[in-house]
Amino acid sequence: MGSPLQRGKMNLLLKNGRVIDPSQKIDAKLDVLIEKGKIVELGNNLDNKAKSIIDLTNKIICPGFIDMHVHLREPGYEYKETIKTGTYAAARGGFTSIACMPNTKPVADNQAVIRFIANRAKEEGIVNVFPIGAISKDLKGEELTEMGELLSNGARALSDDGKCIQNADLMRRAFEYAKLFDLIIISHCEDFNLSKNGMINEGFISTKLGLIGIPKAAEEVIVARDIQLAEFTKSRLHIAHISSSYSVELVRQAKKRGVNVTAEVTPHHLVLDESLVDGFDTNTKVNPPLRGEEDRIALLEGLNDGTIDCIASDHAPHARTDKEVEFDQAAFGMVGLETSVSVILTKLVHHKKLALSEMVGKFTLNPAGILKLDKGTLQKGKDADITVLDLRKESVIDANSFLSKGKNTPFSGWKVTGLPVMTIVGGKIVMEDGKVANK
Amino acid sequence: MQLKSKDLLGLEYMSREEIELILETAKLFEEVSGRDIKKVPTLRGKTIINLFYEASTRTRTSFELAGKRLSGDMINIQVSSSSVTKGETLLDTGKTLEAMNADIVIIRHSSSGAPSLLSKHSGFSVINAGDGMHEHPTQALLDMFTISKKKKRIEGLKVVIVGDIFHSRVARSNIWGMKKLGAEITIVAPPTFLPREVEKMGVQVSYNLDESLKKADVIYLLRIQQERQKGGFLPSIREYSRLFGLNQERLSLAKKDVLVMHPGPINRGVEISPEVADGPLSLINEQVSSGVSVRMAVLYLLGTRK
Amino acid sequence: MEKETQVIDAEILNRTINRMAHEILERNKDTGNLVIVGIQTRGYYFAQRLSQKIKEIIGQDLPLGALDITLYRDDTSSGIKNPIVKKTDISFDIQDKKVILVDEVIFTGRTIRAALDALIDFGRPRGIQLAVMVDRGHRELPIKPDYVGKNVPTSLEEKIIVRFAELDGKDEIIIVRSEA
């Protein structure tokens, strides 16, 4: 195939692959012609139009995958991750676009930080980066940010992520004001009184380990509140990393009523449960916490019946020193960009828990719709952002080989079957067979 | 037969046979503690560190005495909780102790799981002397030792544990240990003190102390911390004492040979009335003396493990 | 495969114990000062037999104690495979007493060294004499028994077992050789 850098950005034919594009309801063996960074044509017998041809026999060609919940840590926490390393990890994991959360230092609550992130991503990043602006100034939950200015400088959504706004009245105003710009509010649902000092799911495991639990109710009461507020204000709500069975039911009912609500789920909540925490491995400490088996099953149901719209990693890189400490002092979070796709393929798609085309939709069309990105499709004329999967390729997850600075994953050592083998961003191959092209 | 692990992290991870080995061995160490020369040369040349991140005169002294009676070189390190934040990390401390060729490190820490973190990253034996709300295995071992001395068995005994189960590492270790030895355990507490799904540990749950007392062979009272009122766990110490405190009147409902136990330090007049604490059924002082023999047994079995 | 060969049968074993009891009394005319301590486990059974015989001869019980030497072994720092401690029960004062220390077999001498240290933790005896049923040689320490039932030259690969009816169902001494 030659090295990624040698092949031009000008003209490229992806040949003999199986194209899955939920946006056009396509699942067929088609060739994809790319020119000047755009999709030019899907069809057969396009060889004569191509200068450079890549044979993708037995591979799956999808619209570029989007991870709408990522922490890039820059500015402020560059020891955990940078925009550069984060986008490299994304490319390796098969993602062509990522949306990054505003809990940087300083917080992405003003145009300067949003522009810094956007510019730094252009200079050093190798995938598309869409910043998410803060809802409240400095994530303090007291005053709203200048949402209009955040939007005009590149913010695609609003969230206080981990610093869930506790004041229901301010949240109501946020929903109302965001309507002015048709911006979506992403809510990390957590009542801090209920989750106070909590570290893992409240249940048998927290009881026996003597770790303070985070009750499911801490999430559910805010899911219920935010659905009510979104309904009341007729605004748009996206529930981040939904984790409990009752939260799923709340979203399901709200969607039936016509509330403008969407939801995402993480791979770790879909395939792991709280029993993994037994043994005090701080890599299993994440917020919301890994829940019980019945929650995991409810999440899968929600994913399949359309209650849950997309899969997002909540990629939360941390340094060794943030994790190799006492459990109660360890940071929450796990990295996900380099494991999401292979874990979902291995545990869900291959086990027939999720259809391949459904999975592709949850990684492409749906997140693009939520963030109103002109992406997630292989339609003619759109950006040539493409993810290529090899469903049969086997590998062992090795945290030390991650391109992310964060090695904090509970998946290290897992055998996976199915990997992203090529990532194309704007017609340019940024990853091939796990190797990422330097910018 | 010897202990399977180089560490004693908790009774959840131990087999019945291992617990029985420790208790049997402790019996023989009682004889050593009864001699004029209360010392044997068994752990000569072994370096044993008492690494305490929480103050505890009782447990630290007990381990120190146990180590010294086995001729180990005992070093006490008391880390004040204020220096934890600015001081070195637990793992760095572990590396330092390893570089000093420590053989056994006894750790008391306010964070659940701290001993297993230390153990994962070091070669010496780690003994958990109480970690957060998780476990306090040597306390439970000495409690079981005290009970089996009086009752000659644990199997089939009805044990009632009363109080703040939620925050209690002593309760957790005793539940694991006594269940493994075949006791029937009922925990009695207001629902705010009952951790979620605690019945999955194999215990019965009751809110009624008077009913539970009647069948008990052992009543085990836990210490109530005054600050629990602030967290909303209790409306007042007074109400707790009225509903769950053990006084003479309540005790008269129980069997005549019931054993009354408490891990100490006791709050006289809160979870236990002074007459009961100092009364003939109270084993509180025996528990303390058992502590040294049990800890000698643990140090001996880990210190000579091949 | 292991092969057992009897060295001494029950009758001779009992005669030997009888002879040793007489030797002990011969050397220690004043039995008022005499105590017996057997090393756990088989040394203690042997000590019980000796003490019975002595009682038959002199018509009185001598104080008899049990001593476990595990905690005094010289190899604890490198770890020991079987850490089970047996009972030590010396319920009399050994200060200024003549102690007959009893074990069933003497081999390297290390057990006896440990026993001497252990005994001295209980007080300062007037003297300690050592009685063993079998001396199998291979001493690694300068220790010599005062009373020996039988010298049995052995190779290092062989094992000597002294059986007592109370413990094993019959009295005998055997050599165990492993055969390839």
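Proteins get letters first, then strands, A, B, ... in listed order; numbering begins at 1 in each. Just so you know, these numbers come straight off a predicted model, no measurement behind them.
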Is it the case that atom NZ in B:K149 sees more than 12 heavy atoms from other parts of the structure closer than 6.0 Å?
yes
Take atom CZ of C:R19 as the centre, draw a 6.0 Å sphere, and report whether it contains more than 12 heavy atoms from other residues, nucleotides or ligands.
yes
How long is the gap from CD on B:E24 to NZ on C:K86, to the nearest 0.5 Å?
12.0 Å
CG of C:D121 to NZ of B:K39, rounded to nearest 0.5 Å, is 10.0 Å
Portion of B:L3 that has a non-hydrogen atom of chain C nearer than 4.5 angstrom
neither
Beyond-backbone contact of B:L28 with C:D68, side-chain heavy atoms, under 4.5 angstrom
no
Does B:K46 use its side chain to pair, donor to acceptor, with the backbone of C:S77 at less than 3.5 Å?
yes
Got a sec: does the NZ of B:K6 have more than 12 other heavy atoms crowding it under 6.0 Å?
yes
Which region of B:K27, side chain (C-beta onward) or backbone (N, CA, C, O), has a non-hydrogen atom less than 4.5 Å from a non-hydrogen atom of chain C, or is it both or neither?
neither
Might you point out which heavy atoms bring C:P83 and B:Y300 nearest each other, and give the distance in Å?
O-OH, 2.6 Å
B:K151 atom NZ, over 12 foreign heavy atoms within 6.0 Å:
yes
If you count every heavy atom of other residues, nucleotides or ligands that lies below 6.0 Å from B:M1 atom CE, does the total exceed 12?
yes
Between B:Q2 and chain C, with a heavy-atom cut-off of 4.5 Å, which part of the residue counts as in contact: side chain, backbone, both or neither?
both
Residue C:K81 excluded, over 12 heavy atoms near NZ under 6.0 Å
no
Provide the closest heavy-atom pair for C:L71 versus B:V32 in the form atom of the first, atom of the second, distance.
CD1-CG2, 4.0 Å
State, yes or no, whether a side-chain contact exists between C:T88 and B:R35 at a heavy-atom distance under 4.5 Å.
yes
Taking atom CG of B:D36 as the centre, report whether more than 12 heavy atoms of other residues, nucleotides or ligands fall under 6.0 Å from it.
no
How about CZ on C:R27, more than 12 heavy atoms from neighbouring residues, nucleotides or ligands closer than 6.0 Å, or not?
yes
Given B:L43 and C:T76, is the side chain to side chain contact (heavy atoms under 4.5 Å, CB included) satisfied, shown in steps?
CA-CA 7 Å; B:L43 296 186; C:T76 51; 5.7 Å; no
Please confirm whether the backbone N or O of C:I80 pairs with a side-chain atom of B:T304, one donor and one acceptor, at under 3.5 Å?
no
